[in-house]
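None of the values given here were measured: they were computed from a predicted structure. Quick note on labels: first sequence line is chain A, next is B, and so on, each numbered from 1.
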Number of protein chains: 2
Amino acid sequence: MTTVALDGRGADRGAEVIVAGARAAAADGIAVRVFGDPAELRELEGVDGVEVIEAPGFISNEEEPVAAVRGKEDASIVMAAHDVAEGRSDALASAGPTGATMTAALFAMRRSQGVRRPALALQLLVPGRKGPPSLLLDVGANAEVRPGDLVQFAYLGSAFSAAVLGVERPRVALLSVGEEDKKGTQDVIEAHAALREAEGIHFIGNVEGRDLLGNAADVIVTDGFTGNVALKTMEGTARAVADAVGRAARSNPIAAAGGLLLRPALGGLRREMDPDTTGGAILLGLRGVAVVGHGSSGEAGIANAIRLAARSVEQRAVERTAELLAQHGATRSGLRLRSEQ
Amino acid sequence: MTTVALDGRGADRGAEVIVAGARAAAADGIAVRVFGDPAELRELEGVDGVEVIEAPGFISNEEEPVAAVRGKEDASIVMAAHDVAEGRSDALASAGPTGATMTAALFAMRRSQGVRRPALALQLLVPGRKGPPSLLLDVGANAEVRPGDLVQFAYLGSAFSAAVLGVERPRVALLSVGEEDKKGTQDVIEAHAALREAEGIHFIGNVEGRDLLGNAADVIVTDGFTGNVALKTMEGTARAVADAVGRAARSNPIAAAGGLLLRPALGGLRREMDPDTTGGAILLGLRGVAVVGHGSSGEAGIANAIRLAARSVEQRAVERTAELLAQHGATRSGLRLRSEQ
């Protein structure tokens, strides 16, 4: 049985969604160890497959992650990450602050052999898309990266896409400002050339911002600054358009009637675009599995974060990533590109 | 009377929209000099306020802009840009390839005193927004910029927002991955500090990708790589959501009836989000006005590009930008930041 350590604090919607999500995942046969305030998690007492471990401390979104993780050994996210590092749990899941989750995971689990920079990979929710989601990485672990890091991200993403999302031969693309090889910053142009030569990944060239929600690629690599801007731009735009449609549907009685008739059909779209569907982002490049759930996760989001963590363990995501990197010499020393020497 | 030089070639929808757009702008009292193939533009013969000048050459989207602009003196965009530089027209408008338009404008009109890098500024279409649009710059003129360039962009954008869009005291923001001063790349962090100190602009701090379509700021500055990714991500996301709503409305007869009733109310939204509404992006930092229309512009897009060019001349956008830069020592030499010395 796979065991997942769950941060029992920090979800925007409170302990209620933690309780319900842990219970739902446990019902699927996943063992869940929840770190938090036993009083808040009282309803989990006696639930089959769930264990509550008291974690008195908490790291908020306002704290500087490195200092907070170093200073608070009793914080729920720090205790949960250590639980994985020390082998009592197999994987970590959290819906608490992203920075603290990434830092705690990195400190406790350490990087895989030869990985220079772990990356945060997001599963992109594409309305109407059949089949497994695309992965966009990095969406915020590293504001600045070198071209060689982008090549490593391609291996990290490919391995995860194949192992956990079930994509047979993941198409890898580089995010840039045009499809031509020479478009973009010097770093992007250099990464493009290196990706063309990289063995063991299926590089299909550059994609642009407008392709993120198409079916252009299975893995899209970029630096953490651009990736984070793109991710939040997608969220903001989708919300602005949805709000505008809602306003139109309230603008007059005929439109309102139309909105009522259309609403059931739009429910599917709302589910498709709900971040709860995927369970969250994954921090790739560590010696363990860490799932970074959306802060606003509901019950389904928490349950799916736990399920994604468990599935990653069962599909040997970490081992298969390490194998792919080693097999193609794609570790830190093998990937030092010309500009970095 | 203000005279606008219009590239009569290169619009995706062909000469037909050029003809109709030029005619509509001329009806508003703008003199339009159209450079292109007289046979294609035959319908403009004898139209009041419109003059057709034969330009035998053309630069396509596939050509490398610098080489093409240097090599083709008879290309329509090159002839139109020279028309402005030589004083026969007051401003340039084009719906042809962006790279060729920017290059031709830069070569012919040159940069304003002290401007290191001109920037392409896009008016953001926010559904439901009242009042003037926000400006996002740079959306693609410079893949790489220094922190000092971002500060200059703030002056360029502020001057345009005040002069042409009529915003009294434009709020300027820096695009980053969090609101805190220290979020982002080293360049962004340094630009943030310099913007805090900059006189004559109203800097309100960082905004994130999700704020681009809010009403968070009047001028949002970023490098041309991030800006271009963000712009195309907005376009792609808006289309993906709109397509999904359309699919929902075709999914069953009840939803289809709802879609029909809702459609008139959605028309306003479609107009609000149509790039034709603004007339296009503006290349800021030159000694003349250059409007870069959307390649897919229709008649209204061409007419609005010409109107925007004329309004920029009438509102003395170039002169007011130069005054603002000079007044606050924000020219190239005044803006050399610590890291650039």
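- With B:Leu136 as the fixed residue, the side chain to side chain contact (heavy atoms under 4.5 Å, CB included) test singles out one of B:Leu124, B:Val221, B:Val219: B:Leu124.
- Using a 4.5 Å heavy-atom threshold, the side chains of A:Ile282 and A:Leu135 count as touching.
- Residues A:Thr101 and A:Ser94 have side chains that bring a donor and an acceptor to within less than 3.5 angstrom of each other.
- Contact check for A:Asn215 versus A:Arg171: side-chain heavy atoms found under the 4.5 Å cut-off.
- Distance check, rounded to the nearest 0.5 Å: CZ of A:Phe58 to NZ of A:Lys72 gives 8.0 Å.
- Looking at heavy atoms from C-beta onward, B:Ile59 lies in side-chain contact with B:Val69 at the 4.5 angstrom threshold.
- No side-chain heavy atom of A:Asp138 sits under 4.5 Å from any side-chain heavy atom of A:Arg117.
- Ranked by heavy-atom pairs shorter than 4.5 Å toward chain B, the options A:Asp243, A:Val229, A:Asp223 are led by A:Val229.
- In this structure, the side chain of B:Thr103 does not engage the main chain of B:Ala100 through any donor-acceptor pair within 3.5 Å.
- Between the CG atom of B:Leu266 and the CG atom of B:Leu261 there is a distance of 11.0 Å, given to the nearest 0.5 Å.
- Using non-hydrogen atoms only and a strict 4.5 Å limit, the part of residues 247-255 of chain A facing chain B consists of A:Arg247, A:Ala248, A:Ala249, A:Ser251, A:Asn252, A:Ile254, A:Ala255.
- Considering only heavy atoms from C-beta on, A:Phe203 comes within 4.5 Å of A:His192 through its side chain.
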Note to self: side-chain contact (heavy atoms from CB on, under 4.5 Å), that's the test. Do B:Asn142 and B:Asp149 meet it? Break it down for me.
What the structure shows: CA-CA 10 Å; B:Asn142 315 279; B:Asp149 297 327; over 6 Å; no

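- With sequence neighbours excluded, the residues that form a salt bridge (charged side-chain N to carboxylate O under 4.0 Å, His left out) with A:Arg210 are A:Glu208, B:Glu235.
- A:Leu195 contributes atom CG, which lies 7.5 Å from atom CG of A:Leu150 (distance to the nearest 0.5 angstrom).
- Among residues 173-183 of chain B, the residues having any heavy atom closer than 4.5 Å to a heavy atom of chain A are, in sequence order, B:Leu175, B:Ser176, B:Val177.
- Between chain A and the options B:Leu262, B:Leu213, B:Thr185, heavy-atom pairs under 4.5 Å are most frequent for B:Thr185.
- Your options are B:Gln186, B:Arg239, B:Arg263, and the one with the most heavy-atom pairs under 4.5 Å with chain A is B:Gln186.
- The 12-atom threshold is not exceeded at CZ of B:Arg70, counting heavy atoms of other residues, nucleotides or ligands nearer than 6.0 Å.
- At a threshold of 4.5 Å between non-hydrogen side-chain atoms, the residues A:Leu120 and A:Thr98 count as touching.
- Listed in order of number, the residues of residues 60-68 of chain A that approach chain B to under 4.5 Å between heavy atoms amount to none.
- Ranking B:Gly140, B:Gly209, B:Gly236 against chain A, the residue ahead of the rest is B:Gly209, based on heavy-atom pairs under 4.5 Å.
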